[in-house]
**Q** 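Following this message is one structure expressed as structure tokens.
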Amino acid sequence: MAMAYLAWRLARRSCPSSLQVTSFPVVQLHMNRTAMRASQKDFENSMNQVKLLKKDPGNEVKLKLYALYKQATEGPCNMPKPGVFDLINKAKWDAWNALGSLPKEAARQNYVDLVSSLSPSLESSSQVEPGTDRKSTGFETLVVTSEDGITKIMFNRPKKKNAINTEMYHEIMRALKAASKDDSIITVLTGNGDYYSSGNDLTNFTDIPPGGVEEKAKNNAVLLREFVGCFIDFPKPLIAVVNGPAVGISVTLLGLFDAVYASDRVSQLLESKRSGKQREMRAFESSFSVASHKQATFHTPFSHLGQSPEGCSSYTFPKIMSPAKATEMLIFGKKLTAGEACAQGLVTEVFPDSTFQKEVWTRLKAFAKLPPNALRISKEVIRKREREKLHAVNAEECNVLQGRWLSDECTNAVVNFLSRKSKL
Ligand SMILES: CCCCCC/C=C/C(=O)SCCNC(=O)CCNC(=O)[C@H](O)C(C)(C)COP(=O)(O)OP(=O)(O)OC[C@H]1O[C@@H](n2cnc3c(N)ncnc32)[C@H](O)[C@@H]1OP(=O)(O)O
């Protein structure tokens with residue numbers, strides 16, 4: 001009996017409150033010990049789950065996981081405190097040391113609880129495994145699905161950063177036309193892989209038809225005008241889920257969307273790059289062996305490419321963010337973080353990266369439960385005032401671009417891009 005009591009006292013002292021022994025029946029102690037063995041098993045499963053995380057949970061969560069792991073396996077922090085300039089190890093030490101004398105079992109349970117709270121990013125989110133160019137029926141460059149009242153059009157050229165080639169322009173138009181007529185309530189565009197889209201596929205300028213570059217430029221201008229027109233006239237709420245960097249036309253079109261959601265990784269990683277700390281941030285990321293995802297940035301390098309704005313951005317961007325901010329993006333090619341894009345009105349809302357997909361899709365499913373006719377009619381009330389103007393702007397932008405595509409500035413920029421790797 002004395003041994004059982006001793007076991008009970010030990011169990012009582014080290015049991016996390018969730019397993020607190022309140023009475024002293026041996027069977028209760030046995031059940032709790034089984035629960036603790038289960039939590040050890042859960043702990044090991046959770047460690048494996050962390051390695052399978054599809055979405056980077058963010059540095060704060062990774063520090064918590066590190067600290068709980070150390071506390072659960074080694075007990076209270078037993079490392080000497082790193083120097084102030086050893087940023088990564090100092091952050092880790094602080095996180096572990098903050099747990100004080102938390103018992104190993106409690107740390108283990110907290111670790112399991114934390115990993116299970118990340119479970120949405122363990123499930124397949126809206127992403128298809130990058131690199132697996134899974135084809136939907138009828139599309140080569142997109143994955144189009146329709147469920148929960150949402151038609152999702154996912155750019156699916158992840159190996160080419162979802163660059164939009166001629167085929168993809170046509171497929172996006174076809175998918176939008178089908179979505180405007182199907183029984184879905186809202187339509188969502190997003191990217192598969194680490195990029196939302198790197199914009200126009202620059203090889204679009206290389207397959208020259210018999211009529212020469214003039215015919216190519218004219219054909220591209222006709223295609224672009226029809227493509228942007230589909231976004232101007234799209235009748236349902238159109239929402240962008242910007243899962244990674246967006247470049248060129250994939251950015252300018254956002255001015256024609258009804259909502260744009262992006263994750264906050266931008267502020268963490270792009271700003272650390274700007275402050276020269278990116279090396280530390282990359283090293284820190286790799287110490288958690290979680291696939292580092294590209295931060296969502298918004299870049300319109302038109303001048304660098306010898307080109308000019310499209311997607312009605314020459315009209316929408318000054319209206320959305322002021323002429324000066326539009327100039328910084330469209331003329332000088334300033335790359336924005338999601339936070340900056342949100343501050344300037346191009347992005348509607350920024351979400352924590354660790355919960356981005358879960359929060360956004362929960363919200364979109366709620367939107368899709370709203371009365372469809374009210375949504376369409378409300379969008380029409382807003383869009384009809386601008387529709388004629390937007391089509392006129394689109395026509396003018398395409399005419400200007402048709403000339404730009406024949407310029408030496410554009411030709412040189414495209415050649416430089418396409419030949420850059422051959423120099424390596
Ligand atoms: C009908 C015509 C309509 C025209 C409309 C007007 C539209 C204008 C625009 O959209 S302008 C903007 C065009 N886009 C760009 O200039 C981006 C070019 N790409 C890059 O700068 C880089 O690839 C990157 C910063 C997006 C990514 O860099 P990195 O992470 O180093 O990856 P890689 O460069 O190795 O890219 C992987 C792979 O993808 C190919 N690729 C990426 N983007 C494009 C692109 N826009 N066009 C063609 N190919 C692209 C890249 O070449 C690599 O291919 P490889 O692995 O070498 O085969």
Side-chain angles (χ1 to χ4, degrees), residues 130-131 133 141 155-173 191-209 213 215-231 242-256 269-270 273 278 282 291-314 317 329-331 333 335 394-407 409-424:
D133 288 345
T141 65
F155 308 141
N156 189 37
R157 297 184 73 215
K159 293 169 189 165
K160 295 290 184 181
K161 305 300 181 185
N162 295 327
I164 307 173
N165 60 13
T166 303
E167 183 180 30
M168 197 161 162
Y169 282 109
H170 286 291
E171 291 197 342
I172 293 171
M173 288 193 282
N192 184 22
D194 61 357
Y195 261 68
Y196 174 69
S197 169
S198 71
N200 186 45
D201 188 315
L202 296 173
T203 60
N204 285 340
F205 297 114
T206 56
D207 50 339
I208 305 301
V213 287
E215 182 183 338
K216 182 66 184 172
K218 180 166 175 37
N219 293 346
N220 278 347
V222 168
L223 174 57
L224 176 62
R225 182 171 176 179
E226 184 188 0
F227 179 73
V228 175
C230 287
F231 288 82
V242 183
N243 58 292
V247 186
I249 190 166
S250 69
V251 176
T252 53
L253 283 172
L254 296 177
L256 299 174
L269 290 178
L270 189 62
K273 181 175 180 181
Q278 195 200 22
R282 285 268 179 273
S292 68
H293 289 253
K294 298 273 183 191
Q295 58 273 14
T297 50
F298 300 80
H299 192 201
T300 51
F302 300 131
S303 298
H304 297 75
L305 291 165
Q307 297 186 58
S308 51
E310 85 290 295
C312 296
S313 60
S314 62
F317 277 33
M329 282 198 81
L330 299 175
I331 299 177
K335 186 186 288 190
N394 181 27
E396 186 189 4
E397 287 176 344
C398 294
N399 284 338
V400 172
L401 265 170
Q402 187 175 336
R404 287 277 81 216
W405 292 327
L406 298 173
S407 70
E409 288 176 342
C410 180
T411 306
N412 295 339
V414 171
V415 167
N416 287 341
F417 172 79
L418 296 178
S419 57
R420 80 200 187 295
K421 284 198 175 173
S422 58
K423 288 187 200 119
L424 300 181

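Counting starts at 1 for both ligands and their atoms, following the listed order.
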**Q** Can you name the closest pair of heavy atoms from Gly193 and Asn243 and give their distance?
**A** O-ND2, 3.0 Å
**Q** Do any heavy atoms of His304 fall under 4.0 Å from ligand 1?
**A** no
**Q** Residues in ring-ring contact (aromatic ring centres under 6.0 Å, His included) with Phe205, at least two apart?
**A** Trp405
**Q** Nearest 0.5 Å, please: how far is CG in Leu253 from CZ in Phe231?
**A** 5.0 Å
**Q** Given that the side chain starts at C-beta and the backbone is N, CA, C, O, which of these parts of Asp201 lies under 4.0 Å from ligand 1, counting heavy atoms, or is it both or neither?
**A** both
**Q** Enumerate the atoms of ligand 1 whose separation from the nearest heavy atom of Tyr169 is less than 4.0 angstrom.
**A** 1 (C), 3 (C), 4 (C), 5 (C)
**Q** Which atoms of ligand 1 are found less than 4.0 Å from any heavy atom of Ala163?
**A** 44 (C), 45 (C), 46 (N), 47 (N)
**Q** Please confirm whether Thr203 comes within less than 3.5 Å of ligand 1 when only nitrogen or oxygen atoms on both sides are compared.
**A** no
**Q** Heavy-atom distances under 4.0 Å are what count here, so tell me which part of Glu310 touches ligand 1: side chain, backbone, both or neither.
**A** side chain
**Q** Report the C-alpha separation of Asn416 and His304 in whole Å, then their side-chain angles, then the decisive distance to 0.1 Å, and conclude whether the side chain to side chain contact (heavy atoms under 4.5 Å, CB included) test is met.
**A** CA-CA 11 Å; Asn416 287 341; His304 297 75; over 6 Å; no
**Q** Under 3.5 Å between any N/O of Tyr195 and any N/O of ligand 1: does that happen in this structure?
**A** no
**Q** So, is Leu305 polar-close to ligand 1, with some N/O to N/O distance under 3.5 Å?
**A** no
**Q** Is ligand 1 less than 4.0 angstrom away from at least one heavy atom of Phe227?
**A** no
**Q** Would you say Asn204 and ligand 1 have an N/O pair spaced under 3.5 Å apart?
**A** no
**Q** Could you list the atoms of ligand 1 found under 4.0 angstrom from a heavy atom of Arg420?
**A** 23 (O), 33 (P), 34 (O), 35 (O), 51 (C), 52 (O)
**Q** Please report whether ligand 1 has a polar contact with Leu202, defined as an N or O pair separated by less than 3.5 Å (distance criterion only).
**A** yes
**Q** Does any N or O atom in Ser198 lie less than 3.5 angstrom from one in ligand 1, N or O only?
**A** yes
**Q** With distance as the sole test, does Glu397 use its side chain to make a donor-acceptor pair with the main-chain N or O of Gly311 at under 3.5 Å?
**A** yes
**Q** Work out which heavy atom in Lys216 is nearest to a heavy atom in Asn204; give both atom names and the distance.
**A** CE-O, 2.6 Å
**Q** Is there side-chain contact between Tyr196 and Asn162, with at least one heavy-atom pair below 4.5 Å?
**A** no
**Q** Enumerate the atoms of ligand 1 whose separation from the nearest heavy atom of Lys159 is less than 4.0 angstrom.
**A** 37 (C), 38 (C), 39 (O)
**Q** Which atoms of ligand 1 have any heavy atom of Leu223 under 4.0 Å away?
**A** 1 (C)
**Q** Rounded to the nearest 0.5 Å, what's the gap from OG on Ser313 to CZ on Phe302? Could you check?
**A** 5.5 Å
**Q** Specify the closest pair of heavy atoms between Asn394 and Gly229, including all atoms of both residues, with the distance to one decimal.
**A** ND2-N, 3.7 Å
**Q** What atoms in ligand 1 come closer than 4.0 Å to a heavy atom of Trp405?
**A** 4 (C)
**Q** Identify, with sequence neighbours excluded, every residue that meets side-chain contact (heavy atoms from CB on, under 4.5 Å) alongside Glu167.
**A** Glu140, Thr141, Asn165, Glu171
**Q** Answer with side chain, backbone, both or neither: which part of Asn200 has a heavy atom less than 4.0 angstrom from an atom of ligand 1?
**A** both
**Q** I'd like to know if His299 contacts ligand 1, where contact means a heavy-atom distance under 4.0 Å to any ligand atom.
**A** no
**Q** Is there side-chain contact between Ile249 and Leu224, with at least one heavy-atom pair below 4.5 Å?
**A** yes
**Q** Please examine the side chains of Ile164 and Arg157, heavy atoms only from C-beta on, and report whether any two atoms are closer than 4.5 Å.
**A** no
**Q** Side-chain contact, heavy-atom cut-off 4.5 Å: Glu310 with Val400?
**A** no
**Q** Out of Lys160, Glu397, Arg404, who gets a non-hydrogen atom closest to atom 54 (O) of ligand 1?
**A** Lys160
**Q** Which ligand 1 atoms does Gly199 reach within 4.0 Å, using its non-hydrogen atoms?
**A** 10 (O)
**Q** Does even one non-hydrogen atom of Phe205 get within less than 4.0 Å of ligand 1?
**A** no
